[in-house]
S.K.: 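Below you will find the structure I want to go over with you.
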Amino acid sequence: MELTSRKEKILGLVVEHFIATGEPVGSKFLSDIFDTAISSATIRNEMSDLSVKGYLEQPYTSAGRIPSQRGYRYYIDHLMRRYEPQPSEQYRMLSGLDRTSAQPEKILEDACAILADMTGCAAVATTPLDERTTVSRIELIPLGTNNAMVVLVTSTGVVKTTVCRCYETVEMGDAELFYHIAAADFTGKRAAELNIPRLQTIAASLGDKALAMSPLLVSLYALASSVSDCELISRGETNILRHREYEGRIHELTRLFHSGTALKNVLRHTGDGVNIRIGREAGCRELMDSSVLAVNYEINGQRAGALSLIGPMRMDYARYTAELAFMSRTVSEVFKEAGQG
């Protein structure tokens with residue numbers, strides 16, 4: 001539903017004032033700052049109509065108005081002004097990433113930390129996930145009696161490690177057999193293809209060596225499985241607990257960030273550009289009073305994962321959207337410089 005220009009002006013002023021102050025907006029305040037002579041009574045009638053139409057809410061009797069979820073959506077879709085990150089903000093994002101790191105997780109951790117600090121929101125990223133991701137390298141590092149570290153590196157640069165306890169000391173012959181299996185059955189294969197039936201087939205072909213090699217094979221399978229699904233990297237979770245909108249919800253929000261499944265589902269459906277999902281639009285019960293801003297980053301010219309900001313609906317959408325988009329472009333460029341794009 002399109003609004004008249006005057007209603008749009010009023011809605012925009014209410015949204016921007018509420019974002020800036022957190023205080024309900026009254027007709028007297030709007031009449032004082034309106035750029036044309038309109039009486040408080042006229043503005044009050046317009047605000048009442050906006051409330052009937054679902055764009056504004058009145059938190060309690062005789063109070064001013066605040067934006068509803070529908071009001072925020074209209075503002076974002078039709079009224080939000082374009083914002084360009086300031087040079088100081090751009091410098092902070094450009095210089096804050098470790099351009100020497102070959103690990104996407106480290107770059108994403110830096111990006112989330114910067115975004116969380118700049119916005120006061122929680123910043124969440126999903127690690128690179130591509131169904132075409134393959135295993136590019138596997139290493140075996142003996143750690144003394146009966147222990148060894150297994151290292152798996154993917155085609156997207158993700159590094160996974162695990163410490164494996166073996167039934168006996170890993171001898172030279174065992175290491176050679178391990179590398180032979182890794183080269184023949186894991187290296188160059190898509191991580192998603194390395195399933196239980198394949199593991200059982202490999203073990204069956206080893207004869208009397210199957211028992212000795214099984215802990216290493218299970219470790220390899222676990223690492224391959226872990227890169228077949230994205231992981232969450234988050235920074236600034238405690239930021240949002242400082243907002244009054246989240247009073248009394250610390251346990252609920254802690255579970256949301258630590259379980260990961262619900263957030264992965266929200267971020268998995270990020271389309272082109274910066275997606276803004278308000279309240280119920282996120283499809284997650286714990287985020288009913290929140291907004292989620294998300295954008296994809298790229299590796300090898302393909303969407304690899306998402307960067308996002310999570311905070312109360314009362315957030316500076318114009319600024320945060322621009323900063324998130326700039327950070328996404330910067331992260332993609334850093335991956336390209338590192339030889340991953």
Side-chain angles (χ1 to χ4, degrees), residues 85 89 92-131 133 154-160 191 226-240 253-277 282-284 286-287 290-311 315 320-338 340-341:
E89 295 171 329
R92 188 173 178 185
M93 288 185 275
L94 288 168
S95 63
L97 301 182
D98 183 358
R99 294 174 179 269
T100 65
S101 177
Q103 297 188 28
E105 290 96 333
K106 177 62 171 63
I107 295 169
L108 293 171
E109 287 170 1
D110 290 345
C112 286
I114 295 166
L115 286 170
D117 192 49
M118 290 177 66
T119 64
C121 295
V124 181
T126 55
T127 54
L129 177 62
D130 188 331
E131 291 183 354
T133 296
T154 73
S155 55
T156 56
V158 173
V159 179
K160 296 288 184 179
S226 71
V227 299
S228 297
D229 188 18
C230 65
E231 294 183 3
L232 288 182
I233 293 171
S234 62
R235 294 292 183 273
E237 300 97 316
T238 57
N239 286 349
I240 61 175
L253 291 169
T254 299
R255 285 197 303 271
L256 174 69
F257 284 103
H258 285 197
S259 68
T261 303
L263 279 181
K264 287 180 186 179
N265 289 335
V266 171
L267 300 181
R268 191 169 284 126
H269 303 294
T270 300
D272 296 329
V274 177
N275 289 187
I276 301 175
R277 280 167 278 187
C284 177
E286 293 87 350
L287 298 174
S290 304
S291 287
V292 181
L293 281 59
V295 64
N296 289 302
Y297 63 87
E298 295 183 349
I299 294 179
N300 296 322
Q302 301 292 326
R303 294 178 184 177
L307 281 169
S308 71
L309 290 169
I310 299 173
M315 66 164 63
Y320 295 174
T321 297
E323 291 172 348
L324 186 61
F326 187 90
M327 180 60 86
S328 171
R329 293 193 298 271
T330 302
V331 165
S332 298
E333 289 168 3
V334 170
F335 286 147
K336 187 174 182 178
E337 292 170 5
Q340 298 170 25

S.K.: Mind running side-chain contact (heavy atoms from CB on, under 4.5 Å) on Leu115 and Tyr320 for me, showing each step along the way?
M.R.: CA-CA 9 Å; Leu115 286 170; Tyr320 295 174; over 6 Å; no

S.K.: Using side-chain heavy atoms (C-beta onward) and a distance below 4.5 Å, is Pro128 in contact with Leu108?
M.R.: yes

S.K.: Test your reading of the model: is there a side-chain donor-acceptor pair from Asn296 to the backbone of Thr270, 3.5 Å cut-off?
M.R.: yes

S.K.: Output all residues satisfying side chain to side chain contact (heavy atoms under 4.5 Å, CB included) with Thr254, sequence neighbours left out; order by chain, then residue number.
M.R.: Ile250, His258

S.K.: Can Tyr297 and Ile107 be said to form a side-chain contact (heavy atoms from CB on, under 4.5 Å), step by step?
M.R.: CA-CA 12 Å; Tyr297 63 87; Ile107 295 169; over 6 Å; no

S.K.: Heavy atoms only: give me the nearest Glu298-Ser332 pair and the separation to one decimal.
M.R.: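 Heavy atoms of Glu298 and Ser332 come nearest at N-OG, 2.9 Å.
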
S.K.: Taking side chain to side chain donor-acceptor pair (under 3.5 Å) as the definition, give me every residue that meets it alongside Ser290, ordered by chain and number, with sequence neighbours left out.
M.R.: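 Ser290: side chain to side chain donor-acceptor pair (under 3.5 Å) contacts with Tyr246.
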
S.K.: Please identify each residue that fulfils side chain to side chain contact (heavy atoms under 4.5 Å, CB included) with Arg255, with sequence neighbours left out.
M.R.: His251, Glu252

S.K.: Evaluate Leu293 against Asn275 for side-chain contact (heavy atoms from CB on, under 4.5 Å), listing each step before the verdict.
M.R.: CA-CA 6 Å; Leu293 281 59; Asn275 289 187; over 6 Å; no

S.K.: Answer whether the closest heavy-atom distance between the side chains of Leu324 and Thr119 falls below 4.5 Å.
M.R.: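 No, too far: nothing below the 4.5 Å cut-off.
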
S.K.: Glu89: which residues meet the side chain to side chain donor-acceptor pair (under 3.5 Å) condition with it, sequence neighbours left out?
M.R.: Tyr83

S.K.: If you look at every heavy atom in Val124 and Ser234, which pair is closest and at what distance?
M.R.: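 Scanning both residues, the minimum pair turns out to be CG2-CB, 3.9 Å.
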
S.K.: Counting C-beta onward and ignoring hydrogens, is there a side-chain heavy-atom pair between Leu94 and Arg99 closer than 4.5 Å?
M.R.: yes

S.K.: What pair of heavy atoms forms the shortest contact from Ile240 to Gly311, and how long is it?
M.R.: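 Closest approach of Ile240 to Gly311, heavy atoms only: CG2-CA, 4.0 Å.
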
S.K.: Output all residues satisfying salt bridge (Lys or Arg N to Asp or Glu O under 4.0 Å) with Glu231, sequence neighbours left out; order by chain, then residue number.
M.R.: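 Checked Glu231 against salt bridge (Lys or Arg N to Asp or Glu O under 4.0 Å); matches are Lys160.
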
S.K.: Between Met327 and Met118, is a side-chain contact (heavy atoms from CB on, under 4.5 Å) present by the stated rule, with each step listed?
M.R.: CA-CA 11 Å; Met327 180 60 86; Met118 290 177 66; 5.7 Å; no

S.K.: Can you list the residues that meet the salt bridge (Lys or Arg N to Asp or Glu O under 4.0 Å) rule with Glu237, with sequence neighbours excluded?
M.R.: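 In terms of salt bridge (Lys or Arg N to Asp or Glu O under 4.0 Å), with neighbours along the sequence ignored, Glu237 is linked to no residue.
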
S.K.: Return the set of residues passing side chain to side chain donor-acceptor pair (under 3.5 Å) with Thr321 (not counting sequence neighbours), or none when no residue passes.
M.R.: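 Side chain to side chain donor-acceptor pair (under 3.5 Å) check on Thr321 returns nothing, list empty.
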
S.K.: State, to 0.1 Å, how close Gly273 and Val295 come at their nearest heavy-atom pair, and which atoms those are.
M.R.: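 Closest approach of Gly273 to Val295: O-CG2, 3.6 Å.
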
S.K.: I'd like to check the salt bridge (Lys or Arg N to Asp or Glu O under 4.0 Å) partners of Arg235; sequence neighbours left out, ordered by chain and number.
M.R.: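 With neighbours one apart ignored, the set is Glu109.
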
S.K.: Run the side chain to side chain donor-acceptor pair (under 3.5 Å) test against Asn239 and tell me which residues pass, sequence neighbours left out.
M.R.: Arg242

S.K.: Only one of Leu263, Ile233, Leu232 forms a side-chain contact (heavy atoms from CB on, under 4.5 Å) with Thr126, so which one is it?
M.R.: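 Going through the options one by one, the only one that passes is Leu232.
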
S.K.: If you compare all heavy atoms of Cys121 against all heavy atoms of Ile310, which two are closest, and at what distance to 0.1 Å?
M.R.: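 It is CB-O, 3.3 Å.
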
S.K.: Could you state the interatomic distance from CG (Leu309) to CD (Glu323), rounded to the nearest 0.5 Å?
M.R.: 8.5 Å

S.K.: Taking all atoms of both residues into account, what is the closest heavy-atom pair of Ala111 and Leu97, and its distance?
M.R.: N-CD2, 3.5 Å

S.K.: Just how far is it from atom CD1 of Ile299 to atom OG of Ser155, taken to the nearest 0.5 Å?
M.R.: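 So the gap between those two atoms works out to 9.0 Å.
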
S.K.: Taking salt bridge (Lys or Arg N to Asp or Glu O under 4.0 Å) as the test, write out the residues that go with Arg329, two or more places apart.
M.R.: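 Salt bridge (Lys or Arg N to Asp or Glu O under 4.0 Å) list for Arg329, sorted by chain: empty.
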
